[in-house]
Number of protein chains: 2
Amino acid sequence: MSLENISSNKLFGGWHKQYTHESKSLGCAMRFAIYLPPQSLEQPVPVLYWLSGLTCTDENFMQKAGAQRIASELGIAIIAPDTSPRGDNIPDDPEAAYDFGLGAGFYVNATQSPWSQHYRMYDYVVSELPDLIEEHFPVSKKRSISGHSMGGHGALTIALRNPDRYLSVSAFSPISNPMNTPWGQKAFMGYLGNDRELWKTYDASELIKTSTVYVPALVDQGSEDSFLPEQLQPEALRLSASGVGYPLTLRMQEGYDHSYYFIATFIEDHLKFHAEYIL
Amino acid sequence: MSLENISSNKLFGGWHKQYTHESKSLGCAMRFAIYLPPQSLEQPVPVLYWLSGLTCTDENFMQKAGAQRIASELGIAIIAPDTSPRGDNIPDDPEAAYDFGLGAGFYVNATQSPWSQHYRMYDYVVSELPDLIEEHFPVSKKRSISGHSMGGHGALTIALRNPDRYLSVSAFSPISNPMNTPWGQKAFMGYLGNDRELWKTYDASELIKTSTVYVPALVDQGSEDSFLPEQLQPEALRLSASGVGYPLTLRMQEGYDHSYYFIATFIEDHLKFHAEYIL
């Protein structure tokens, strides 16, 4: 697999770089960003995968969250993939809706036409991208995963399904019970059809009920998030977790909203949480 | 003067808010952003004015620099104005160039037609905006000023011309000698005509030679900044400062470029520098 470097910026003593590569899972060229802390010059460093929310690319988190300052202190690399396949040959929602199709891959492997050929973000994030990263960059196999909103859903479901691959998981404002909320139902119906048993395999509040190997989890949710009542349902996640004694810390942050300003405020806590497990 | 609040986000215990108002100096509606740290609930706080570079609005710095974390710790408000007048009635460069007209006001009072009616960013930043801020928000009259690139030029020239109004000044990658570099020459010729004596009143490397009241100054410049050799000329500023014994600290930061990743890396140093004078 070949990588093309398309940008490079020094920050906090380390380097933010963007690359493109041909993705086998997705059948298109994909861009991702990596932050390599200064420690990576000396030895392989652990990795935090960050999954972004609806409409985002690899850039939103890298530009707005301020995570590199702490990653540089701790010696953690950060990988930010895109949120869907992209390109002229990639089908999009007929109405170009922001919550389905391009920029809205939901981190699933689609089973329905015309999505199933390219919309395989689950495989891309779980397997193809880590293989690529671990082949080409000075990183160890110690992985954590985090994300925001749709990406918080992605991080939780991926960690719950792959407890052998991730040492910790966290999320900001995750879509916690997608099969019972509008964004999730639209995405699951479109990508997965009407098989609700299949939906459960991509729903954190369902997966947590049957998990046996526990990945420590931290979730932050803003109390003034306009999507909270209809779309996010962290209470369902809390109930499922407490039902099985899952080690989930869910914090309601008073007055915060759904924006990157919220993420910037608490990303230091999340990185330090992950550091306990991957350092 | 009436203010309309158009957005509000909590971050780091404080609040980022955007407002619009009708500007008398500029003859149009203007948007600005303010960060109010939590300390502003208790008492008036000092203010850092941030002037952005070419193509920016009030949003770039607030979203990308990560300054609010430190402003919240220190108890400093930050104001980010737009970089030019805006609106359907505002003339723009006939070729919509990025370095003249909209998004490129250069913080001068234009004297040439058709710019002189609206392009009065100097008056707006020096007088109208602080008057508005100090009337409507819990801030003191202790002011510092900083900026990036075109905004670094703005911060330096405004502080040098108004040492009674600012307690400290800093800049990232400023256009340090605009009358001798292409961006500056284009802007000055357009906004000010060919009167080079007038140009000198907006050129930091000239102003510093004749200043008598010294505002402490910190400048950071990335060594890998692609605009450094042709456009920025910090060496001219250093020479002028050392010629008169001006208290300027100019730091060349090895490997850094012109982006907000550079600003994010060193903004903490700048805020702590200003804190020595305004707290």
Side-chain angles (χ1 to χ4, degrees), chain A residues 6-18 33-38 41 56 58-73 78 80 172-173 220-228 252-271, chain B residues 6-18 33-38 41 56 58-73 78 80 172-173 220-228 252-271:
Chain A
I6 56 171
S7 81
S8 183
N9 311 91
K10 189 172 177 183
L11 72 164
F12 295 101
W15 297 268
H16 166 262
K17 291 168 184 273
Q18 290 175 299
I34 183 169
Y35 177 70
L36 284 167
L41 291 179
C56 290
D58 64 296
E59 294 190 332
N60 306 63
F61 180 77
M62 290 295 189
Q63 293 179 352
K64 296 182 175 179
Q68 299 94 341
R69 178 181 62 85
I70 315 137
S72 166
E73 279 176 29
I78 303 174
F172 291 84
S173 337
D220 270 321
Q221 171 64 54
S223 71
E224 298 307 305
D225 184 330
S226 58
F227 299 114
L228 173 56
M252 189 62 70
Q253 301 289 2
E254 191 61 33
Y256 288 86
D257 62 22
H258 200 70
S259 71
Y260 264 90
Y261 292 120
F262 168 52
I263 298 172
T265 302
F266 296 103
I267 192 68
E268 179 165 352
D269 288 0
H270 285 237
L271 277 157
Chain B
I6 56 170
S7 81
S8 183
N9 312 91
K10 189 171 178 184
L11 73 164
F12 295 101
W15 297 267
H16 166 262
K17 291 168 184 275
Q18 289 176 300
I34 183 169
Y35 177 70
L36 285 167
L41 292 179
C56 290
D58 65 295
E59 294 190 332
N60 306 63
F61 180 77
M62 290 294 189
Q63 293 180 353
K64 295 181 175 180
Q68 299 93 340
R69 179 181 61 86
I70 315 137
S72 166
E73 279 176 29
I78 302 174
F172 292 82
S173 337
D220 271 321
Q221 171 64 53
S223 70
E224 299 305 306
D225 184 330
S226 57
F227 299 114
L228 173 54
M252 189 61 70
Q253 302 289 3
E254 191 61 34
Y256 289 86
D257 62 22
H258 201 70
S259 71
Y260 265 90
Y261 291 120
F262 168 52
I263 297 171
T265 303
F266 297 103
I267 192 68
E268 179 165 352
D269 288 359
H270 284 237
L271 276 156

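The chains referred to below are lettered A, B, ... by the order of the sequence lines, with proteins before strands, and numbering in each begins at 1.
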Which region of B:Glu224, side chain (C-beta onward) or backbone (N, CA, C, O), has a non-hydrogen atom less than 4.5 Å from a non-hydrogen atom of chain A, or is it both or neither?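 Neither part, no heavy atoms under 4.5 Å.
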
Non-hydrogen atoms of chain A under 4.5 Å away: do they reach the side chain of B:Phe12, the backbone, both or neither?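 Both backbone and side chain.
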
Return the [atom1] to [atom2] distance between [X] and [Y], rounded to the nearest 0.5 Å.
X: B:Leu11; Y: A:Asp257; atom1: CG; atom2: CG; answer: 9.0 Å
X: B:Lys10; Y: A:Gln253; atom1: NZ; atom2: CD; answer: 8.5 Å
X: B:Arg69; Y: A:Ile267; atom1: CZ; atom2: CD1; answer: 13.0 Å

Identify which part of A:Asn9 has an atom lying under 4.5 Å from any heavy atom of chain B, answering side chain, backbone, both or neither.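 Both the backbone and the side chain of A:Asn9 come within 4.5 Å of chain B.
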
Portion of A:Ser72 that has a non-hydrogen atom of chain B nearer than 4.5 angstrom: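 When you check distances to chain B, no heavy atom of A:Ser72 falls under 4.5 Å.
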
Backbone of B:Gly13 reached by a side-chain donor or acceptor of A:Tyr256 within 3.5 Å: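 Yes, the answer is positive, given that a donor and an acceptor are paired below the 3.5 Å cut-off.
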
Return the minimal non-hydrogen interatomic distance between B:Met62 and A:Tyr261, and the atom names on each side.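 Looks like O-CE2, 3.3 Å.
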
Pick from B:Ser8, B:Gly66, B:Gly255: which one has the most heavy-atom pairs with chain A under 4.5 Å?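 Going by pairs under 4.5 Å, I would pick B:Gly255.
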
